[in-house]
There are 2 protein chains.
Amino acid sequence: MKKSAPTIRDVAAAAQVSTATVSKFINGAQRFSPKVEAAIESAIAGLGYKSNPLAKSMITGRTNTIGLSVLDITNPHFSSILKGANRVAHDQGFSVLLVDTEETPSRERRTLEELSRRVDGMIVFSRMREHEMAWMADIDKPLVFFGTLAKLPLPTVASDDHAGAYMLAQHLRMLGHRRIAYLGFSKSRRDEERLGGIRESLNAAGLELAIFDAEAPSLAEGERLCSAIVLGGQRPDALICYNDLMALGFMKEASNLGISIPQDISVVGFDNIPYGKYTTPALTTVDLQSERMGATAMEKLLAVIRGEHVEKLTKVAPQLILRASTIARRP
Amino acid sequence: MKKSAPTIRDVAAAAQVSTATVSKFINGAQRFSPKVEAAIESAIAGLGYKSNPLAKSMITGRTNTIGLSVLDITNPHFSSILKGANRVAHDQGFSVLLVDTEETPSRERRTLEELSRRVDGMIVFSRMREHEMAWMADIDKPLVFFGTLAKLPLPTVASDDHAGAYMLAQHLRMLGHRRIAYLGFSKSRRDEERLGGIRESLNAAGLELAIFDAEAPSLAEGERLCSAIVLGGQRPDALICYNDLMALGFMKEASNLGISIPQDISVVGFDNIPYGKYTTPALTTVDLQSERMGATAMEKLLAVIRGEHVEKLTKVAPQLILRASTIARRP
DNA sequence: CTGTTAGCGCATTCAT
DNA sequence: ATGAATGCGCTAACAG
C-alpha cells in the first residue's frame, strides 16, 4: 500500500498548478491567489507531502547542516562546546553532524574533506599544528577553527589560555606558593599558551617551574602521574593541571597515597567542568566558557555562511573560579 | 579561478569514456579493461574529482548518516552512548547527525520527522510514553529505541533497570539498612522500573520506601532536594538516587549541611559516570553500560538497514559497582 | 501571479 | 566490457 512518498509533482497535479508554483509556495518565496494557496495547501495535507531535503540540497547546494569535529565527546569540555553550538544551530534551523576524532589525527584530514561535501560549514577542534593545516584553507566551505592561528586565513574562536594561566599562577604566588609545578599535555596546541602564562608569572618572581607531561588529557593520566609528582624528589607546593580531568585524577590518587589537598599540595585546573565543584575539596579552576565558545563558533560560522563579514579572531575571556579549598595559603 | 568542482562528466570526458563507466568504476560495481581503468584513475587524480554525495544520495536514497536523538548531551550517560554509537557508525562508514532535545519533548516529533528524511535510520532516546509514540512506527526509516516497548513493533535496546535497582536495594538491605529512600525522577520512563526493582526488594522484607521526586536528572536537583531528605523528619539511612548526577549533587550539599556520608546516610546512584569514582567518598552505583548500549543500538540499526533480521529487544545486563565508601554497614 | 523549460550530479536500465 | 538514454525531486531563470 505504501507507494513511494508523494513528490512535488503529485501535489501540483492534485492542486492543478505547476510544480514551480508549488515549489515557490512551499519556500514562501511568494504569495499567490487565495484560491491557489488553498488548493496547494489541501493537496499537501491530503497527500501528506513532505519536501525531499536531499533533492533540494542538491540544487541549492545548501544542506542546513554544520559539521562539528571534536577530540573526545566524553570530555565535558567538548560536550559543553557541542551543547552551545547545537543550541545556536538548532535555533537557526541547522543540524549538527558530529565527528569525534578520538584524539586520532591520522584520519582527520580525510574525514573532514569528506564531511565538507555534506555540510554548509564546519567547526573544527584539532591538535594539528598550523603548518599541517594548510589544506583546510582549500576546503571549499566556510570553516571556523578553535584556537589561534598565526597565518592561516581562517576565522577562529579562542579562549585566552595565556591570560587564564597567568591568573592562576599569580593567584598561587599571592598565596605564598613557591614551588609550582605544571602537569601539562604537550600534544595540545594550548599547552604552550598555558605554559607561557605560567612562566610569565613565575619568571617575574624568579621562580622555577617543574613540568610533567601527560599522554592524554584524562582522569587516568592524572592518576598515573600523581605518584611521580608528589613522591619524586622535592614535592611542589602547588600543581597546575592542564585540565580539570587531570586534576580530578590527581586528587583521587593523592588521597590514596595519603597526601592531603591542599595541606600538602594545592591543585588547580582548567575548563571548569561541572564535576570539579563536587569533589572534596572542590576544585579551583579557570572557566574557559566552553558552552559559550561553542555557541560563539556556531554564530560566527552561520554569519560567514550568510555572507556577513566576521572578525578573524574572537577571543573569549577566561574567568578564575575560586573554590579556595584546593588551595592553601603558604606561610 | 575556482570553477565549480569537477563532476563525473568532466572525468568521463578527460578519460574518453562514458559517465556510466566512470560511475561503475567508482562504485567498484565492475571491472574494466586495464586501459580504461588507468585512464579513469588518472583523470580523477588530474581533476581532483570527488563524488558528490548529495547527488548520489538522491538517487540511491541512502545518506550514510544515522540520526541520534538524546535528551542532554552534557549528561555523561548520553555522551557515552554517543561515543559508543559513533564509534560503530564510523567503523562502518556512517556519520552521526545529533539531536539534543534538551529535555524538551514538545518539538521532538517534528524534529525527528524532519530528521528522518536526511538519514538512513535513527536511534532515539525519549521521555515519551509509549502511547505518544505511535507515529514513530509510521516513520519510513529504520529506527532503534532505547528502553522497553510493550506493543510498538520497534527494535529496542534497554538496560535492565529493574534488576539493577533490585541489586542495589538488596545490597543495602544486606548491610543492615532499613529506612531506605528513593530520590527519583518520575518524568523518566525508567524511573518506574527502578522503583519497581527497589520495591520488590523492600516488600520482601516489609520495609517502607520514602520517595522524593526531582524535576530534572541533574546535579543541581540533587543539591536542591538534599535538605528536605536529610533534615525533613526521620532521616533515611540510605538513599538511592535516580542517577549519579543527582547522587553527586546530594553528596555535596549533604557535606555542606554537616551530614557525613556514609556515617549518617548511605548514597548510591545509577549510570556509573566516570566522576562518581572521583568524589570523596567514591560513589557506589549501577553500571548501565552506556557506551555499550550506544554501540549495540548502532549495530542493531545498521543490521536493520542491511536488511538483516534482529531481535526486537536487546537487554544489557547492569553491573553493581561497589565503591563501599558511600555505604556504611548498619548494626 | 503562474507556467515552461532546463537542468543539478549521479546511478541505472538496456542496448551494443 | 562499454555507452546512450533516462530520470531521481526539486529549484531557478525566464516567459507570459
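The ring-ring contact (aromatic ring centres under 6.0 Å, His included) contacts involving residues 15-63 of chain A comprise nothing, where partners must be two or more places apart or lie in separate chains. Within the structure, the ring-ring contact (aromatic ring centres under 6.0 Å, His included) test picks out the following pairs touching residues 55-82 of chain B (sequence neighbours left out): F78(B)-F125(B). Within the structure, the ring-ring contact (aromatic ring centres under 6.0 Å, His included) test picks out no pair touching residues 288-315 of chain B (sequence neighbours left out).
Over its full length, the helix from dC1(C)-dG16(D) to dT16(C)-dA1(D) turns its helical axis through 30°, comparing axes from the five pairs at each end and rounding to 10°.
When heavy atoms are screened at a 4.0 angstrom cut-off, E37(A) is found touching no nucleic acid atom at all.
Between the CG atom of L54(B) and the C1' atom of dC8(C) there is a distance of 10 Å, given to the nearest Å.
T63(A) contributes a side-chain N or O that, together with a main-chain N or O of R118(A), makes up a donor-acceptor pair within less than 3.5 Å.
Remark: E37(A) pairs with R31(A) by the side chain to side chain donor-acceptor pair (under 3.5 Å) rule, at least two apart or across chains. S79(A) pairs by the side chain to side chain donor-acceptor pair (under 3.5 Å) definition with nothing, not counting sequence neighbours. Taking R109(A) as the reference, E113(A) meet the salt bridge (Lys or Arg N to Asp or Glu O under 4.0 Å) condition, with sequence neighbours excluded. Partners of D72(A) under the salt bridge (Lys or Arg N to Asp or Glu O under 4.0 Å) rule, at least two apart in sequence or in another chain, are K83(B).
At the phosphate of dT2(D), neither OP1 nor OP2 sits under 4.0 Å from any side-chain N or O atom of T21(B).
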Worksheet item: In the 5'-to-3' direction, what one-character label does each nucleotide of nucleotides 6-15 of chain D receive under the scheme B = base within less than 4.0 Å of a protein heavy atom, S = sugar-phosphate only, - = no such atom?
Response: -BBBBBBB--
